[in-house]
Amino acid sequence: MENILSIEGLSKSFTLHNLGKHIHAIRDINLYLREGEFVGITGKSGSGKSTVLKCIYRTYCSQEGSIWYNSIRFGKINLSEVSEREMISLRKHEIGYVSQFLDVMPRTTARELVAQSIMEMGTDAQTADLQTENILQHFELDRELWDSYPTTFSGGEKLRLNIARAMVKRPRLLLLDEPTASLDHASKLKVKELLEQLIKGGTTMLGIFHDLEFMQDLCDREYSIENGNFTITH
Ligand SMILES: Nc1ncnc2c1ncn2[C@@H]1O[C@H](COP(=O)(O)OP(=O)(O)OP(=O)(O)O)[C@@H](O)[C@H]1O
Ligand SMILES: [Mg+2]
């Protein structure tokens, strides 16, 4: 089967002008994902894990290498070279991302955030409302919070909302950056349950997990990263 994603020779470095320093965050990374796989990335803090995901989602522009993605809309394309407009369309329709740190939009309620995310996939407002309530319930977000602004939510509440928003889309490719790091055991299980459903529905996932053991039974393969370089562990 053809890969949904293949990364070849990807490198990203940062220049810190104020310190006159150059940091190689990742070096010559190679990685592939087959359709429907769930692949984990592990490694120490600062080893470059988030940088890999951010290059795929194009939060960062990589300097070297290619990120071949087999898109439904655009065919086989290099994510390090596609236009801003194509990337926005891919984020809306095909590629989801749960960031390690929380980014919530100001002045949008929890309910609106999730519903908007569903409607971007072309679902009508009424169905979106129903699905929104289902997922907020699944993650046991207190009903009183549904119509409040997430800026005041606790860390765990924000995280659960962030995950809900990415998952409801049932994206084709889902990038997860430590989605369960600051959750209690019960909430972690809820995330896992939904990840299992997504896998059954055919979503391909690339996830960074602090505690991969928790995900071990779902995970098909694992890359471990050390100082910006990958080794395949199994
Ligand atoms: N925007 C940036 N500007 C400068 N340096 C950066 C930037 N983003 C990442 N880095 C550096 O690149 C290296 C890799 O960072 P990255 O966030 O990918 O690590 P990580 O493996 O995700 O770590 P953690 O487990 O702590 O989240 C670090 O040394 C970091 O300081
Ligand atoms: Mg990180």
Side-chain angles (χ1 to χ4, degrees), residues 5-33 38-67 69 79-82 84 87-88 91 95-104 154-167 171 173-185 187-188 191-192 195 204-216 218-219 221-234:
L5 190 84
S6 41
I7 297 182
E8 295 161 6
L10 187 73
S11 299
K12 172 75 188 165
S13 54
F14 298 97
T15 306
L16 305 177
H17 295 284
N18 52 336
L19 300 174
K21 258 180 142 176
H22 199 69
I23 297 173
H24 288 277
I26 50 173
R27 258 185 258 241
D28 195 23
I29 291 283
N30 297 289
L31 168 154
Y32 70 91
L33 293 176
F38 181 3
V39 172
I41 300 180
T42 53
K44 279 199 306 206
S45 177
S47 57
K49 305 180 298 296
S50 297
T51 303
V52 176
L53 292 202
K54 285 179 184 169
C55 287
I56 301 172
Y57 201 64
R58 259 272 287 280
T59 313
Y60 288 163
C61 285
S62 49
Q63 283 117 348
E64 271 174 63
S66 26
I67 305 170
Y69 171 66
L79 296 180
S80 52
E81 283 175 355
V82 293
E84 235 9 69
M87 201 61 224
I88 288 167
R91 288 177 186 165
I95 305 178
Y97 170 61
V98 178
S99 60
Q100 182 175 13
F101 302 105
L102 314 153
D103 53 341
V104 284
S154 75
E157 287 163 351
K158 279 186 196 162
L159 189 55
R160 278 179 282 153
L161 180 64
N162 240 8
I163 297 169
R165 187 171 57 152
M167 281 190 176
L173 171 64
L174 182 58
L175 309 168
L176 301 155
D177 197 342
E178 306 215 30
T180 52
S182 58
L183 295 180
D184 55 52
H185 191 71
S187 304
K188 277 190 191 177
V191 174
K192 195 171 175 185
L195 289 180
T204 308
M205 291 194 264
L206 181 61
I208 299 168
F209 293 97
H210 184 67
D211 170 19
L212 196 64
E213 226 164 82
F214 186 72
M215 293 290 165
Q216 207 90 61
L218 293 187
C219 206
R221 279 186 299 126
E222 179 188 338
Y223 287 92
S224 119
I225 185 165
E226 208 174 300
N227 299 325
N229 290 298
F230 269 160
T231 50
I232 302 172
T233 31
H234 71 260

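The basis for the numbers below is simple: all heavy atoms, side chains too, and nothing from hydrogens, waters or symmetry mates. Position 1 is the first residue of the sequence; numbering continues from there. Both counts, for ligands and for their atoms, begin at 1 and track the order of listing.
Checked against a 3.5 angstrom limit, the closest N/O atoms of Ala25 and ligand 1 fall outside it. An N or O contact shorter than 3.5 Å links Gly48 to ligand 1 by distance.
Looking only at protein heavy atoms, the nearest one to atom 9 (C) of ligand 1 is Phe14 CE1, 3.5 Å. Atom 14 (C) of ligand 1 has Gly46 O, 3.4 Å as its closest protein atom, hydrogens excluded (heavy atom only). The protein heavy-atom contact nearest to atom 27 (O) of ligand 1 is Gln100 NE2, 2.9 Å. Atom 18 (O) of ligand 1 has as its closest protein heavy atom Thr51 OG1, 2.5 Å. Here the heavy atom of the protein found nearest to atom 25 (O) of ligand 1 is Lys49 NZ, 2.7 Å. In this structure, atom 31 (O) of ligand 1 lies nearest to the protein heavy atom Ile23 CD1, 4.7 Å. Scanning the protein heavy atoms around atom 8 (N) of ligand 1, the nearest turns out to be Tyr60 OH, 2.8 Å. The nearest heavy-atom contact from the protein to atom 22 (O) of ligand 1 is Ser50 OG, 2.8 Å.
The residue Ile225 has no part lying near ligand 1, judged by heavy-atom distances below 4.0 Å.
Here the side chain of Ser62 pairs no donor or acceptor atom with the backbone of Ser11 at under 3.5 angstrom. Looking only at distances, a side-chain donor or acceptor of Ser154 sits under 3.5 Å from a matching main-chain atom of Glu157. Judged by distance alone, the side chain of Glu222 and the main-chain N or O of Thr42 form no donor-acceptor pair under 3.5 Å. For the pair Lys49 (side chain) and Lys44 (backbone), a donor-acceptor distance under 3.5 Å is present.
Residues Phe209 and Leu176 have side chains in contact (heavy-atom distance under 4.5 Å, counting atoms from C-beta outward).
Taking backbone and side chain together, Ser50 holds an N, O or S atom under 2.8 Å from the Mg ion (ligand 2).
Under the 4.0 angstrom criterion for non-hydrogen atoms, Lys44 is in contact with ligand 1. Within the structure, the closest approach of Ser47 to ligand 1 falls below 4.0 Å when heavy atoms are considered.
The NZ atom of Lys188 lies 10.5 Å from the NZ atom of Lys192; values are rounded to the nearest 0.5 Å. Here the straight-line distance linking atom CD1 of Ile7 with atom CG of Asn30 works out to 8.5 Å at 0.5 Å rounding. Atoms CG and CD1, from Leu31 and Ile26 in turn, are 10.0 Å apart once rounded to the nearest 0.5 Å.
A cation-pi contact, defined as under 6.0 Å to the ring centre and within 45° of the axis, is absent between Arg58 and Tyr97.
Between Ile208 and Ser50 the shortest heavy-atom distance is CD1-N, 3.7 Å.
Close contacts of ligand 1 with Leu16, meaning ligand atoms under 4.0 Å from a residue heavy atom, involve 4 (C).
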